[in-house]
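Single-structure report; data block below.
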Amino acid sequence: MACNQKAELDKNTISSVDSLSTYLSLANENNLPLNIKQNYNQRALNIILSQKDDSLNKVNLFKVANRYYNMSDWKDYIKITKLILDRTQKSKDSLHMAKAYTYLGDYYASQSVSDSAFMHYYKAEKLYLKLNDQYNLAKTFLNKASLQYNEGDFFESEIAVFKALSSLKKLQKANDLYYESYNLLGILYNEREEYTKALEFQNKALKTLEDKSIPSIFQYKAASLNNVGFIYLKMENYKQAKVFFERGLKQDKLFEDRASLYAILLDNLGYSKFKLKESNKLPDLFYESLKIRDSLGLSSGVVSSKIHLSEYFAFKKDTFKALQFSKQALALSRTSNKLINTLEALKQTAVVDPENASKYSKEYIQLNDKMLKAERKMGEKFSRIEYETNEIKDQNSSLQEKNKTLVYVFSICTLLGLFFYVYKTQQAKNRELLFKQQQQIANEDVYNLMISQQNEIESTRIKEKKKVAQELHDGVLGRMFGIRISLDSLDKMDEEQAAAKRKKYLAELKHIEEDIREISHDLNREKSELINNFVVILKKLFDSQRNTYPSKLVTSFDSHIKWELVNNMVKINLYRIVQEALQNCNKYAKADTIKVEFKSEIDHLVLSIMDNGVGFNTKRTKNGIGLHNIEYRAAECKGTAAIKSAKGEGTLLVVKVPIDQKINLQTNDT
């Protein structure tokens, strides 16, 4: 029976097909009007409610809820989902209870109530973990990760994705979830401007799509191609971005399957062409994307399209249209709950309306601060939800077990707590041991380098000593012996002749004195170089930096630092900190100038490394491995590490290490 024929079925015809499967099928038919689909779904629900409450009955209830979700009929969706949850709690059906919590999480996520969505996903996670259902556990982790990403909690989102991947390793086949994991990681790293990693994971996502079991109706390939193109867009490689957006638009049935994605690709392609100053199909691409987004009610997409149109007409010197579109985008963005849209609209409006730019800039700053506080607050709320959910679960367990003896309950709780504590402690110790082993290997490398340098210096020192001894023996002593013999012969000369000879020999003794002084200075210089060999090692690192990278490197060493009194382990850690900081500058900072300074303070050695690069937001960016290593090494020296940075204002790293510079030098030289 054709779809258009189904739409024409009247009430009498349907009543003759009193079948649950038929009603469910018709309720999912895209070509039917909404009210008719709702009617079929209600009929299916009536049949299900009249049946016995068993496992199959719950499966059918989920089907009804799923169809309400597809219709965006949120009122009936939440009502059915809560009914399922109530039934599963009464029957203690953990599997379906976990699924009901997931459905509730989906509902609150659709309504942008992130804290409630997170709470229900977390409850589902706990049940799937208990059931050892790795597939659904991975799905739940991904749901949490998407939620955390949308709220700007990128670090916790990344952790959740890797938890999902850890669960998927225990399954033979789950390419759909592998795709979602890699795709989300690619998006996360793109947000953090780690473009190499972003491309790596997007390519992994594309590779998983070679599995033909993943339905093409989801248009995952078009989505990934768009994401890769967007990475290149952020890298300002507009030519490469354009290639991927065009490939995405060529996917079969893209508009029919995912019109919203089709609109995104049109807008991104248009923006790439605009940046490449290609006029063909512009501004038609922007207008076509705007039309689709507007018809679908995608307010965020409409804002984005209008901002791009404003940029386009500003470039074309059509100030009226540029200002018109930017103000429309700003007005629409203020009606939504996505502050990022308003920030983008404010930025563009300030550009095209210079007379009021200060007003828009002020609002931008205030709104940006508000958004950062909201993101931080939401991240804290997620953590609190996990804690409070566990607390509630423990209280409920205690109430259910109230008929048992106090000693029994206490013993079980104590054993479980002890086991959990030992398990977590062992995990922490294993991680710490692994990290320390890696640190030990790295320290041995640096120590061997320093020992090698010391051996080279010692070898040079021995050669210099031999040279000095040879000079003393063959030069100075021989000349002094000759003068002594000559002075003895003066006794045999008359006084006038002896006086002239004596004057000549005294001048020769003066020359010998100057030669001895020069040899003494050479020896002192050698001692200084031996003491300061750590500085020599650092200077070699600095020379390598200058020869490899274009940024200007300025270094400074406080002459009051007594390096011979600084512990070797401190030197190794300081060397590694400098090396790690320079590597971070080279990879991320894009700095013109880097300054490295060692200063001596009272009972402390201070290392400061400053660059004038792009900087980063320390409130939003969590510590990576590199920054964690710097803090760890500073702590190993019983010191501290502080980082100050902001977008566009460079970065300052200050490491402060306690040292004792008051020890008598003679005790250290013996």
Side-chain angles (χ1 to χ4, degrees), residues 429 432-462 524-545 553 555-584 595-610 623 625-643 652-670:
K429 285 183 178 179
E432 184 179 358
L433 180 61
L434 180 62
F435 182 74
K436 285 191 173 182
Q437 286 174 346
Q438 293 172 344
Q439 291 290 104
Q440 184 63 31
I441 293 170
N443 286 346
E444 287 177 2
D445 291 341
V446 176
Y447 185 74
N448 290 335
L449 176 65
M450 296 180 71
I451 291 297
S452 174
Q453 184 68 27
Q454 179 69 30
N455 291 339
E456 289 182 13
I457 293 171
E458 188 64 28
S459 175
T460 305
R461 183 184 181 196
I462 292 170
N524 282 333
R525 215 165 28 248
E526 179 197 349
K527 182 178 180 181
S528 175
E529 289 175 359
L530 182 62
I531 289 171
N532 294 300
N533 61 79
F534 176 67
V535 177
V536 175
I537 293 171
L538 280 173
K539 286 182 177 179
K540 284 189 175 182
L541 175 63
F542 296 151
D543 288 341
S544 174
Q545 168 73 17
L553 178 63
T555 61
S556 172
F557 293 89
D558 192 336
S559 59
H560 294 94
I561 300 173
K562 299 174 183 178
W563 289 107
E564 69 276 9
L565 301 182
V566 179
N567 186 280
N568 278 341
M569 186 55 65
V570 174
K571 290 179 181 177
I572 290 171
N573 283 314
L574 287 175
Y575 178 89
R576 278 300 192 194
I577 289 171
V578 172
Q579 191 179 44
E580 186 69 50
L582 288 176
Q583 185 177 345
N584 286 343
K595 294 182 181 179
V596 181
E597 183 179 16
F598 286 89
K599 289 196 303 184
S600 177
E601 293 185 357
I602 299 174
D603 297 328
H604 284 88
L605 174 63
V606 179
L607 163 64
S608 62
I609 302 171
M610 181 172 61
N623 284 356
I625 294 174
L627 295 178
H628 177 75
N629 283 346
I630 288 173
E631 292 175 348
Y632 178 83
R633 289 184 181 280
E636 283 283 292
C637 303
K638 296 181 175 61
T640 59
I643 299 172
L652 172 63
L653 168 65
V654 178
V655 178
K656 199 169 184 179
V657 177
I659 56 171
D660 187 358
Q661 297 274 281
K662 298 177 182 177
I663 302 174
N664 193 327
L665 274 172
Q666 292 179 355
T667 62
N668 198 62
D669 291 339
T670 58

Report the C-alpha separation of K571 and L574 in whole Å, then their side-chain angles, then the decisive distance to 0.1 Å, and conclude whether the side-chain contact (heavy atoms from CB on, under 4.5 Å) test is met.
-> CA-CA 5 Å; K571 290 179 181 177; L574 287 175; 5.7 Å; no
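- Considering CG of L553 and CG of D543, their distance stands at 9.0 Å, rounded to 0.5 Å.
- Put simply, CD1 on I609 and CD on E597 are 11.0 Å apart, with the number rounded to the nearest 0.5 Å.
- Of all heavy-atom pairs spanning P658 and C637, the tightest one is CD-O, 3.6 Å.
- Interatomic distance, CD1 of I659 versus CG of N567, reported as 10.5 Å (0.5 Å rounding).
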Kindly determine whether Y575 and L541 satisfy side-chain contact (heavy atoms from CB on, under 4.5 Å), including the steps that lead there.
-> CA-CA 9 Å; Y575 178 89; L541 175 63; 4.1 Å; yes
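- Comment: K656 engages E601 in a salt bridge, judged by a side-chain N to carboxylate O separation of less than 4.0 angstrom.
- The ring-ring contact (aromatic ring centres under 6.0 Å, His included) check on F598 picks up F557, W563, with sequence neighbours excluded.
- For the atom pair N573 CG and Y632 OH, the distance stands at 8.5 Å (nearest 0.5 Å).
- Contact detail for A641 and V655: the closest heavy-atom pair is CB-CG2, 4.3 Å.
- The CG atom of L652 sits 11.0 Å away from the NZ atom of K595 when rounded to the nearest 0.5 Å.
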CA sep, side-chain torsions, deciding dist, call: I561, L605, side-chain contact (heavy atoms from CB on, under 4.5 Å) | CA-CA 8 Å; I561 300 173; L605 174 63; 3.3 Å; yes
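- The distance from the CD atom of E636 to the CZ atom of R576 is 14.0 Å, given to the nearest 0.5 Å.
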